[in-house]
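What follows is a single structure, written as structure tokens, with notes after it.
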Amino acid sequence: LLVSPRGSLARRVPARVLIFGAIAVAMWAVDRFLAVPLRLPVGFHEVAGIVIGLILAFRTNTAYARFWEGRTLWGGIV
């Protein structure tokens, strides 16, 4: 269903990618050719991204440890 042409995801994604790509090109052009500095300060989103990344890494390691423990126990049963 993810890649089917009739699915809702397949229709929306390319249009959004093109829109955000056009916005990025416009911002690059303004920064490069008009000499208007477009600078964003480090803020909450960057810090939140780092925290979420660490949480996801911890959860992935925990899930893998649980999987391996279950596999070991199942091997003992079989």
Side-chain angles (χ1 to χ4, degrees):
L1 292 177
L2 181 64
V3 294
S4 71
R6 293 177 37 190
S8 63
L9 185 66
R11 283 188 227 157
R12 293 185 205 169
V13 170
R16 290 184 181 179
V17 168
L18 288 175
I19 289 170
F20 282 107
I23 292 171
V25 168
M27 290 181 68
W28 172 79
V30 166
D31 186 46
R32 173 95 179 192
F33 298 117
L34 298 180
V36 176
L38 298 174
R39 306 287 183 246
L40 297 174
V42 175
F44 175 74
H45 291 85
E46 290 83 4
V47 175
I50 292 170
V51 170
I52 290 172
L54 290 173
I55 290 172
L56 286 176
F58 177 73
R59 288 181 55 98
T60 302
N61 290 338
T62 304
Y64 183 74
R66 288 181 183 173
F67 163 76
W68 194 254
E69 182 181 357
R71 183 180 167 136
T72 304
L73 292 173
W74 182 253
I77 293 171
V78 173

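Residues take their numbers from the sequence shown, with the count starting at 1.
Sorted by first then second residue, the salt bridge (charged side-chain N to carboxylate O under 4.0 Å, His left out) pairs that include residues 68-78, not counting sequence neighbours, number zero. Residues in residues 15-38 take part in these salt bridge (charged side-chain N to carboxylate O under 4.0 Å, His left out) pairs, two or more places apart or across chains: Asp31-Arg39.
Under a cut-off of 6.0 angstrom, the local environment of CZ in Phe33 is crowded, with over 12 non-hydrogen atoms contributed by other residues, nucleotides or ligands.
Under the 4.5 Å side-chain criterion, counting only non-hydrogen atoms from C-beta, Trp74 is in contact with Ile77.
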Under the side chain to side chain contact (heavy atoms under 4.5 Å, CB included) criterion, do Asn61 and Phe58 qualify, and how do the steps go? CA-CA 5 Å; Asn61 290 338; Phe58 177 73; 5.7 Å; no
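Note: the hydrophobic cluster containing Val30 also contains Ile23 (ILVMFWY, side chain heavy atoms under 4.5 Å, direct or indirect links).
The distance from atom OG1 of Thr72 to atom CZ of Phe67, rounded to the nearest 0.5 Å, is 9.0 Å.
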